[in-house]
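Order of appearance sets the numbers: ligands from 1, and atoms from 1 within every ligand.
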Amino acid sequence: MIQKLRLAFKLMWRHPLLMLAFLASAGARAGLIAAFFKLIQGFLKKALAPSTGAASEDFWLRLAAVAGLILLCWVGRSVADYYAKVLQAELGRRVEMGLRLELVEHLLKLSLGFFNRHSKAQILRAVNSDAASLRLLVHYTAGLVISSVQVGMLFGVAFTLDPVLTMWGLVGLPFAILPLMRIGSSIYKHAEESRFQGVTITHLLFQVLSGIRIVKVFQGEEREAKACHRSAMDLLKASMGVVKRQSMASVLLDSLSGFGIFFVIILGGIRVSAGDMNIPSFIIFIMALQVLLGSTRQILNLYGQIKIQSVAIDKIDIFLSEKPDIKDEKDAVALTAPPRTIEFQGVGYSFDSEPVIRNVNFTVKAGETIGIVGPSGVGKTTLLNLMARFYDPTEGKILLDGIDLKKIKVSDLMKQLAIVTQEPFLFQVSVMENIRYGRPDATDEEVIAAAKAANIHHDIASWPDGYETVIGPTRADVSVGQKQRINIARAILKNAPILLLDEATSALDSKTERQVQESLDKLMQKCTTLVVAHRL
Ligand SMILES: Nc1ncnc2c1ncn2[C@@H]1O[C@H](COP(=O)(O)OP(=O)(O)OP(=O)(O)O)[C@@H](O)[C@H]1O
Ligand SMILES: [Mg+2]
């Protein structure tokens with residue numbers, strides 16, 4: 001808990017001016033509430049004092065002045081309250097935005113291994129709602145500041161009225177601490193389960209949406225709905241667990257506060273009847289105690305809320321502490337020119353200690369092509385993934401001009417590579433931008449030339465929006481073969497010295513394949529190519 005509060009303050013201090021303004025308005029708000037009570041107390045004392053005879057001339061003037069001051073405090077408190085709330089919200093939103101961007105930048109730097117270990121639903125949850133939890137953490141921590149300052153001020157008001165009575169008034173609170181801490185950990189456990197079920201539902205939805213055709217033909221609608229229903233019920237159970245524990249904590253605190261009020265009534269009554277305390281002071285004391293206990297309950301609520309948000313924040317923390325598996329070593333060397341040789345030396349790779357490829361040896365010289373064929377699941381794509389350094393070999397080495405791939409700067413290696421993946425991929429931007437992704441500074445003419453070489457130009461030209469067609473919003477989809485050709489155009493445009501082709505033409509009819517192959521052959525003459533093909 002302390003850790004979370006420290007984190008919230010650290011994040012809030014990234015915006016020092018906002019933070020100072022917030023603290024000033026929170027302080028002013030609490031100060032004006034305390035002044036309000038003091039003024040009322042002074043007023044009641046005078047007003048209820050036995051009359052001294054004819055009201056002096058300036059009595060009305062003083063009465064108006066006190067009433068005016070009280071009004072000023074009241075209005076001032078509202079203004080301070082407005083600023084405290086707005087600044088509290090702004091602090092939270094700025095922190096959320098900053099963290100979301102930090103998280104996205106961080107995720108983009110992580111290696112493929114991370115994306116294999118975590119589902120899309122988990123990652124989206126972290127970037128969307130978990131980052132929003134941080135805003136709530138800041139919001140609640142700022143609320144905690146407001147309530148704590150208020151508790152401090154009201155404690156001061158009550159204490160100056162009667163220190164002993166104040167202690168009796170708060171007598172129940174220490175007994176609440178231990179049970180509240182236990183309830184707090186239970187809230188965390190239930191919030192964690194509720195988050196897990198939330199991610200499960202998103203994951204199920206992802207699956208259904210991407211496999212909607214399979215769901216329909218294999219009549220899986222009912223099964224999928226049932227799976228969602230089960231998770232939704234578990235989510236309901238877990239979130240009700242949170243709510244019940246929060247209410248339990250409130251009831252506990254309220255009951256224990258009741259003891260304080262009980263003692264105050266008895267002891268205060270005795271004092272008033274003995275003439276040790278006047279009635280106005282007693283009334284003010286009761287009022288201040290009530291607000292004080294109300295603010296204490298508010299602190300408790302915020303404690304519960306912070307516990308709930310802690311679950312998401314711990315998850316973000318796990319993601320942020322992930323380090324890329326593939327990164328530049330300290331003594332990484334630059335790769336300024338295309339390598340003259342690529343050598344696989346006893347290369348092996350295992351996923352989770354399950355060997356996929358073993359002892360692969362070959363050398364390919366600049367401009368040469370090496371074909372990789374073999375049955376499905378034998379490790380062809382894995383071999384290309386190793387070349388692109390998505391993973392590092394678990395055995396042996398890959399050498400570029402005799403230098404271990406691991407010793408070469410990752411960004412330099414990527415500059416040398418172009419890839420057409422086995423499952424072609426398009427971004428939801430225009431076709432022009434999809435192809436230009438291969439070389440962002442390419443002109444429209446260069447993009448069109450690449451599209452012509454990949455034999456996709458005529459298809460694109462026949463679409464109403466041509467190269468401006470956006471896959472998704474303006475055109476639901478394109479055929480797999482068209483996707484493959486756009487992916488090939490992207491690789492052609494990059495014109496990189498090493499080309500990785502993973503069944504790049506598998507979805508094309510033999511005539512189109514032949515045409516695309518001619519362009520690829522021309523490209524391959526200039527490149528060192530690793531090509532996976534279902535037939536050579
Ligand atoms: N992320 C992963 N985690 C665990 N195992 C994996 C992972 N990716 C691939 N594999 C396994 O590694 C093996 C090789 O997969 P790979 O994709 O390299 O095969 P492939 O030769 O390209 O097959 P295909 O011709 O069907 O594309 C398979 O048995 C596969 O199940
Ligand atoms: Mg494959």
Side-chain angles (χ1 to χ4, degrees), residues 107-124 126 199 203 206-207 210-211 214 318-319 322-327 342-362 364 369-398 405-406 410 413-414 417-426 479-481 483-488 490-491 498-510 513 516-517 520 524 527-536:
L107 288 173
L108 285 171
K109 283 188 198 130
L110 294 179
S111 317
L112 215 64
F114 170 84
F115 297 95
N116 284 343
R117 285 194 302 277
H118 297 93
S119 68
K120 281 185 196 150
Q122 278 176 310
I123 295 171
L124 280 185
V199 172
H203 180 69
F206 259 127
Q207 283 204 140
S210 38
I214 305 295
I318 294 174
F319 275 12
E322 282 269 354
K323 301 266 177 294
D325 309 326
I326 307 294
K327 56 178 187 289
I342 298 172
E343 192 180 353
F344 275 56
Q345 243 182 31
V347 171
Y349 189 75
S350 313
F351 285 107
D352 306 322
S353 76
E354 208 180 298
V356 172
I357 50 174
R358 281 198 203 121
N359 198 22
V360 174
N361 294 283
F362 64 83
V364 51
T369 294
I370 187 149
I372 304 161
V373 274
S376 172
V378 79
K380 305 181 294 294
T381 299
T382 306
L383 213 62
L384 294 195
N385 287 345
L386 292 173
M387 182 67 235
R389 252 201 112 188
F390 292 151
Y391 319 112
D392 279 331
T394 44
E395 280 165 40
K397 285 179 194 169
I398 302 171
L405 202 62
K406 287 191 210 169
V410 180
L413 171 70
M414 296 307 163
L417 291 179
I419 192 166
V420 179
T421 51
Q422 190 168 10
E423 281 165 21
F425 177 77
L426 295 183
S479 79
V480 180
K483 254 186 216 166
Q484 267 190 342
R485 283 176 283 154
I486 296 173
N487 274 248
I488 290 170
R490 186 191 288 148
I498 304 172
L499 185 61
L500 307 177
L501 301 174
D502 195 351
E503 311 244 16
T505 55
S506 60
L508 307 186
D509 62 274
S510 48
E513 184 178 15
V516 175
Q517 197 56 53
L520 281 177
M524 280 153 70
C527 300
T528 314
T529 313
L530 270 61
V531 51
V532 175
H534 52 287
R535 57 175 183 268
L536 284 176

**Interfacing atoms of ligand 1 (cut-off 4.0 Å, heavy-atom, Thr382)** = 14 (C), 15 (O), 16 (P), 18 (O)
**Prompt:** Just heavy atoms, cut-off under 4.0 Å: does Gln422 contact ligand 1 by side chain, backbone, both, or neither?
**Reply:** side chain
**Message:** For atom 26 (O) of ligand 1, what is the closest protein heavy atom, and at what distance to 0.1 Å?
**Reply:** Ser376 OG, 2.7 Å
Residues 112-121, side-chain donor-acceptor partners within the protein, below 3.5 Å, at least two apart:
| residue | atom | partner | partner atom | Å |
| --- | --- | --- | --- | --- |
| Asn116 | ND2 | Tyr391 | OH | 2.9 |
| Arg117 | NH2 | Glu322 | OE1 | 3.1 |
| His118 | ND1 | Phe114 | O | 3.1 |
| Ser119 | OG | Gln122 | N | 3.2 |

**Protein N, O or S atoms under 2.8 Å from the Mg ion (ligand 2)** = 2
**Message:** Among all the protein's non-hydrogen atoms, which is closest to atom 25 (O) of ligand 1, and how far away is it?
**Reply:** Lys380 NZ, 2.6 Å
**Request:** Indicate whether atom 13 (C) of ligand 1 is within a distance of less than 4.0 angstrom of some protein heavy atom.
**Result:** yes
**Asked** Do Lys397 and Val347 come within less than 4.5 Å of each other through their side chains, counting heavy atoms only?
**Response** no
**Message:** Test of understanding: with side chain to side chain contact (heavy atoms under 4.5 Å, CB included), list the residues that count as partners of Ser350, not counting sequence neighbours.
**Reply:** Pro355, Thr394
**Asked** Side chains of Asp325 and Asp392: closer than 4.5 Å at any heavy-atom pair?
**Response** no
**Asked** Does an N or O from Gly379, backbone or side chain, lie closer than 3.5 Å to an N or O of ligand 1?
**Response** yes
**Message:** If we ignore hydrogens and angles and just use 3.5 Å, is the side chain of Lys483 paired with the main-chain N or O of Leu426 as donor and acceptor?
**Reply:** no
**Message:** Would the distance check show the side chain of Ser111 and the main-chain N or O of Ile326 forming a donor-acceptor pair, the cut-off being under 3.5 Å?
**Reply:** yes
**Message:** Among residues at least two apart in sequence or on other chains, which ones pass side chain to side chain donor-acceptor pair (under 3.5 Å) with Thr528?
**Reply:** none
**Item:** Any donor-acceptor pair under 3.5 Å from Asn361 side chain to Gly346 backbone
**Value:** yes
**Item:** atom 23 (O) of ligand 1: nearest protein contact (heavy atom, Å)
**Value:** Gly377 N, 2.8 Å
**Item:** Main-chain N/O of Thr421 paired with Asn487 side-chain donor or acceptor, under 3.5 Å
**Value:** no
**Asked** Closest non-hydrogen protein atom to atom 3 (N) of ligand 1, residue and atom name please, with distance?
**Response** Phe351 CD2, 3.4 Å
**Prompt:** Looking at atom 17 (O) of ligand 1, what's its closest protein heavy atom, distance included?
**Reply:** Thr381 CB, 3.6 Å
**Asked** Are any side-chain N or O atoms of Lys406 and backbone N or O atoms of Arg389, one a donor and one an acceptor, separated by less than 3.5 Å?
**Response** no
**Asked** Within a strict 4.5 Å, meaning less than it, do heavy atoms of the Leu386 and Ile357 side chains meet?
**Response** yes
**Prompt:** Can you list the atoms of ligand 1 that are under 4.0 Å from a heavy atom of Asn116?
**Reply:** 1 (N)
